[in-house]
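Because only heavy atoms are used, hydrogens play no part in the values below, and waters and symmetry mates are left out as well, while side chains stay in.
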Amino acid sequence: QVQLVESGGGLVQAGGSLRLSCAASGSSFSIRTMNWYRQAPGKQRELVATITSGGSTNYADSVKDRFTISRDNAKNTVYLQMNSLKPEDTAVYYCRLFITTLSNYWGQGTQVTVSS
């Protein structure tokens, strides 16, 4: 019954910035690990960033030092601040609420397009 809604995607030139948001329903958000994934056409989904219930973060090497994941438990929302965007960042970005490897929830995705 958990629902996730991403927003904040759009078209931006290389070097620009975007801030993605993912709003979650339900009251268990604060105890869940949250992820951002992305998927480009013809590619598999790629794990971009993770934030645990305790606030620990991890990033893919390709986005480290450019992207920042954060959460606001009072708003049931996770964010992805994306700076210094590159054309290779172009993808549909999805948030995930993690319960187990085989039991988790996904948002509908938001398109990020970075032009050169």
Side-chain angles (χ1 to χ4, degrees):
Q1 295 297 309
V2 173
Q3 291 184 317
L4 305 174
V5 180
E6 301 99 332
S7 61
L11 175 64
V12 64
Q13 287 192 318
S17 298
L18 286 172
R19 188 193 193 202
L20 306 184
S21 299
C22 175
S25 66
S27 60
S28 66
F29 175 84
S30 63
I31 65 172
R32 303 302 185 191
T33 289
M34 299 292 296
N35 312 107
W36 283 100
Y37 284 78
R38 66 187 182 187
Q39 187 168 23
K43 307 290 186 180
Q44 293 184 325
R45 282 182 298 179
E46 174 190 19
L47 177 61
V48 174
T50 299
I51 186 166
T52 69
S53 60
S56 298
T57 59
N58 293 101
Y59 300 92
D61 288 342
S62 59
V63 307
K64 193 169 296 182
D65 300 323
R66 298 189 298 118
F67 291 10
T68 302
I69 188 172
S70 62
R71 67 193 299 160
D72 185 341
N73 289 338
K75 297 181 178 179
N76 277 17
T77 300
V78 63
Y79 304 95
L80 187 68
Q81 178 67 45
M82 306 186 296
N83 298 326
S84 301
L85 283 162
K86 305 173 180 179
E88 51 262 45
D89 296 318
T90 295
V92 177
Y93 284 71
Y94 300 90
C95 65
R96 184 184 74 164
L97 184 150
F98 180 83
I99 300 174
T100 70
T101 301
L102 298 179
S103 179
N104 44 76
Y105 294 88
W106 295 85
Q108 85 288 348
T110 185
Q111 176 71 48
V112 172
T113 302
V114 184
S115 65
S116 59

Just do the side-chain contact (heavy atoms from CB on, under 4.5 Å) check on Glu6 and Trp36 with the steps written out, would you?
CA-CA 10 Å; Glu6 301 99 332; Trp36 283 100; 3.9 Å; yes
Between Gln111 and Leu11, is any pair of side-chain heavy atoms under 4.5 Å apart?
no
Go through it in stages, so that I can follow the logic: the residues are Ser62 and Glu88, the test is side-chain contact (heavy atoms from CB on, under 4.5 Å), and I'd like the CA-CA distance, side-chain angles, deciding distance and then a yes or no.
CA-CA 10 Å; Ser62 59; Glu88 51 262 45; over 6 Å; no
Between Phe29 and Arg71, is there a cation-pi geometry (under 6.0 Å to ring centre, at most 45° from the normal)?
yes
Output the distance between atom CD (Gln3) and atom CD (Gln108), rounded to the nearest 0.5 Å.
10.0 Å
Cation-pi, Tyr79 ring and Arg19 (6.0 angstrom, 45 degrees):
yes
OG1 of Thr52 to CG of Asn35, rounded to nearest 0.5 Å, is 10.5 Å
Test applied, side chain to side chain contact (heavy atoms under 4.5 Å, CB included); reference residue, Arg38; option that passes from Asp89, Val112, Leu80, Thr110:
Asp89
Evaluate side-chain contact (heavy atoms from CB on, under 4.5 Å) for Leu20 paired with Tyr94, printing each intermediate quantity in order.
CA-CA 10 Å; Leu20 306 184; Tyr94 300 90; over 6 Å; no
From CA spacing to verdict: side-chain contact (heavy atoms from CB on, under 4.5 Å), Ile69, Val78:
CA-CA 7 Å; Ile69 188 172; Val78 63; 3.8 Å; yes
Between Tyr37 and Val92, is any pair of side-chain heavy atoms under 4.5 Å apart?
no
Taking every non-hydrogen atom, the tightest pair across Phe67 and Val48:
CD2-CG1, 3.7 Å
